[in-house]
Participant: 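Mind having a look at this structure? Questions to follow.
Labels below follow one simple rule: chain letters A, B, ... track the order of the sequence lines, proteins then strands, and each chain is numbered from 1.
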Protein chains: 2
Amino acid sequence: MPMSDSGNTDILIDISTAILRAHEGELQFRALEDAGKSAKRLPFGPFMPDRHRTMEISLRQWVREQVGVDLAHVEQLYTFADQGRYRSGESDERHVVSVGYLALARAEDAGGGAWDNLYRHFPWEDWRNGRPDVLDAVILPALDNWLGQHDHAAERVRLAFGRSEAQWDEEFVLERYELLYQAGLIEEAARDGRITPPPQMALGAPMQLDHRRILATALGRLRGKLKYRPVLFDLVPDRFTLRALQETTELVIGASLHKQNFRRLVEKSGFVEATGETNRARGRPAELFRFRHGNRADRPLAGLRVSGGRKTSRAP
Amino acid sequence: MPMSDSGNTDILIDISTAILRAHEGELQFRALEDAGKSAKRLPFGPFMPDRHRTMEISLRQWVREQVGVDLAHVEQLYTFADQGRYRSGESDERHVVSVGYLALARAEDAGGGAWDNLYRHFPWEDWRNGRPDVLDAVILPALDNWLGQHDHAAERVRLAFGRSEAQWDEEFVLERYELLYQAGLIEEAARDGRITPPPQMALGAPMQLDHRRILATALGRLRGKLKYRPVLFDLVPDRFTLRALQETTELVIGASLHKQNFRRLVEKSGFVEATGETNRARGRPAELFRFRHGNRADRPLAGLRVSGGRKTSRAP
DNA sequence: TTATTTATACTCAAAATGAGCATAATTGAG
DNA sequence: CTCAATTATGCTCATTTTGAGTATAAATAA
């Protein structure tokens, strides 16, 4: 972006969308397969400014028509313009800038098509059953080793992965992914020619292009947003039990919560109201709630702060 | 972004940067003047992908060389691609997509050049001396009136501006700006031909293009980020008194805080350490602190939650 | 010296949080 | 029909965190 003269590079903008839903105990995203490629990809397509007034509107329409999903929430994530890092091997002579979007869908509105388990691509992010083994078994040793030649990154590693317990900030999804990429623990890094491939170490299932980075951005953003906007309700059905809402929350943040406190939190928030109906399932029937749009709460919107799972273990 | 065929529209990407600093009791941004135009603008320039590896790196360099400011923090805000809304009257036949950035500078590193008071463009956002008069005198009545023909927006208005007291969410800067724009209370709306101009009502100082929208995005983002990342320290000098840190916080959030509680919050956060030195000023000398990089705090980063100013007045 | 100004220390009640225990309302097995 | 298992919901309680003061300390200016 220098001084004058608007260099006449041809630029192509494409829009890539991480469409998430909560379904069958998994946090899933819409994944497409291309013949001949084992790695999947996100739905994406070129942005044509002469045909669409805004990116978001056209994205919604395009996703509904081409991907068959009705989107509840849509949010722009980030514009990736790095050159020469991803997309090596592609043969478009134009420069590609890609705008990443996060979209949420309710399982009901999700149509057919293939959905993939998000945590299959980010196994180190799922702490619902405690600290993932891969962290101590693979990631931390490998990062320690990598830090040998790259000790300037020590602070970043400490921040992203913590050292001891309870230092894990679940929002740092992207920071962790990028560190793993740079340290050569991500298959895409080898593919992009960034590092000699150590394929036996590759963590999580790879994806095409930089789509795993977009997914990481999406997950991090969603985890953050949860805490201050009622975005969860775009992932659950119209009527839901508190149990379902909690499960969805746990899916997103990748940690488990204390049931009674979660209930207290949600009820107090003013976001939900009981419908009077109940569901029928295994144990005692649960009351069905619905999202309360015009919330009368004092605090404007707020979100849900997490609690349980990981110990808050303060140093002695 | 439809199905196939990558329509051959020429696209120009430019990068516009809201560079903020805290100086002389004001939240300021770097503003440029163009001969013959009364409205100012943000620094911006074309992005040329063949010359720069990433937008952020080139932005830093370009801002240092061309604008004379050393940036502390840089963060991508949003990519605006709306067509036909802003930039009417410009005569570039190419479609312009603009990527907005937020950058923070310390007053010391800010060089010469013109800086403008941010709240001059957003007078309704500054609550440091209580609720701004313009809200009840102009904005709410005008919005009420506008809602007559546009009652579908009632919920948005309620959310953005609250109805009674203490419903104000300081992060909704962009939502408020866009509502005012749509309601024709913003001069840019008349300029863009969106509304018959009622110039006696125009709120805040206008800017060129959509730069006030970018500023609104920047302020909203910064206010949000404050609360969960230690980004404040990119606005204060190397050593600072707690008083200075508090003033900076108040500038950003546009509200005043309780001094003793702010001190408690900051000290407990683990972000600062005393240097032993003190400053000399009017009253009792204050201790000088510095930012503590390798924070030993348990909670990964956290930020500063606000308190004082506006009453928390819960309904009776 | 004294009033003024700013910084810092402490207190205290109210609210929020983290962790349990206790009880209620179902279904499925025998 | 009764009991065990299962899930939902209600309630308690100690601890922290927050909001709002009061009190004291260390300067400067008059």
Participant: Using whole Å, what does the distance between atom P of nucleotide C/dT17 and atom CZ of A/Phe262 come to?
Facilitator: 13 Å
Participant: Test: salt bridge (Lys or Arg N to Asp or Glu O under 4.0 Å). Region: residues 245-261 of chain B. Which pairs qualify, not counting sequence neighbours?
Facilitator: B/Arg243-B/Glu247
Participant: With A/Ala154, which residues qualify under side-chain contact (heavy atoms from CB on, under 4.5 Å), at least two apart?
Facilitator: A/Leu147
Participant: Please classify the nucleic acid contact of B/Glu287 as base, sugar-phosphate, or nothing, using heavy-atom distances under 4.0 Å.
Facilitator: sugar-phosphate
Participant: Counting side-chain heavy atoms from CB outward, which of C/dA7, D/dA8, D/dG10 is closest to A/Glu267?
Facilitator: D/dG10
Participant: Starting at CZ of A/Arg243 and ending at C1' of C/dA24, how long is that distance when rounded to a whole Å?
Facilitator: 17 Å
Participant: Measure the distance from CG on B/Leu257 to C1' on D/dA20 and round it to the nearest whole Å.
Facilitator: 14 Å
Participant: Counting distance only, does the side-chain N/O of A/His73 pair as donor-acceptor with the main-chain N or O of A/Ala103 below 3.5 Å?
Facilitator: no
Participant: What N/O pairs connect the protein and nucleotides 26-30 of chain C at under 3.5 Å? Give each pair on its own line.
Facilitator:
unit_1 : atom_1 : unit_2   : atom_2 : d
C/dT27 : O4'    : A/Arg282 : O      : 3.1

Participant: Could you state the atom-to-atom distance from NE2 of B/His258 to C1' of D/dG21 in whole Å?
Facilitator: 6 Å
Participant: What I want to check is whether an N or O donor and acceptor connect the side chain of B/Gln260 with the base of D/dT22 at under 3.5 Å.
Facilitator: yes
Participant: Do any side-chain nitrogens or oxygens of A/Lys268 fall under 4.0 Å of OP1 or OP2 in C/dT17?
Facilitator: yes
Participant: Could you give the CG-to-C1' distance, from A/Asn279 to C/dA25, as a whole number of Å?
Facilitator: 12 Å
Participant: Without decimals, in angstroms, what is the distance between B/Leu245 CG and C/dA7 P?
Facilitator: 12 Å
Participant: Sequence neighbours excluded and cut-off under 3.5 Å, please list the side-chain donor-acceptor pairs for residues 216-224 of chain B, or say none.
Facilitator:
unit_1   : atom_1 : unit_2   : atom_2 : d
B/Thr217 : OG1    : B/Arg213 : O      : 2.8
B/Arg221 : NH1    : B/Glu75  : OE2    : 2.8
B/Arg221 : NH1    : B/Gln76  : O      : 3.2
B/Arg221 : NH2    : B/Leu77  : O      : 2.8
B/Arg223 : NE     : B/Val252 : O      : 2.8
B/Arg223 : NH1    : B/Glu125 : OE1    : 3.0
B/Arg223 : NH1    : B/Glu170 : O      : 2.9
B/Arg223 : NH2    : B/Tyr119 : OH     : 2.9
B/Arg223 : NH2    : B/Glu125 : O      : 3.0
B/Arg223 : NH2    : B/Ile253 : O      : 3.4

Participant: I'd like a table of donor-acceptor pairs (distance under 3.5 Å, sequence neighbours excluded) in which one partner is a side-chain atom from residues 283-290 of chain B, with atom names and distances.
Facilitator:
unit_1   : atom_1 : unit_2   : atom_2 : d
B/Arg290 : NH1    : B/Glu273 : OE2    : 3.1

Participant: Is the ring centre of B/Phe172 less than 6.0 Å from the ring centre of B/Phe161?
Facilitator: no
Participant: Rounded to the nearest Å, what distance is computed from the CD atom of residue B/Glu247 to the P atom of nucleotide C/dT6?
Facilitator: 10 Å
Participant: Distance criterion of 3.5 Å, no angle test: do you see the side chain of A/Arg264 paired donor-to-acceptor with the base of C/dG18?
Facilitator: yes
Participant: What residues, two or more places apart in sequence or in another chain, satisfy side chain to side chain donor-acceptor pair (under 3.5 Å) together with A/Arg30?
Facilitator: none
Participant: Look at B/Lys259 and C/dT6 and indicate whether a side-chain polar atom (N or O) is within less than 4.0 Å of OP1 or OP2.
Facilitator: no
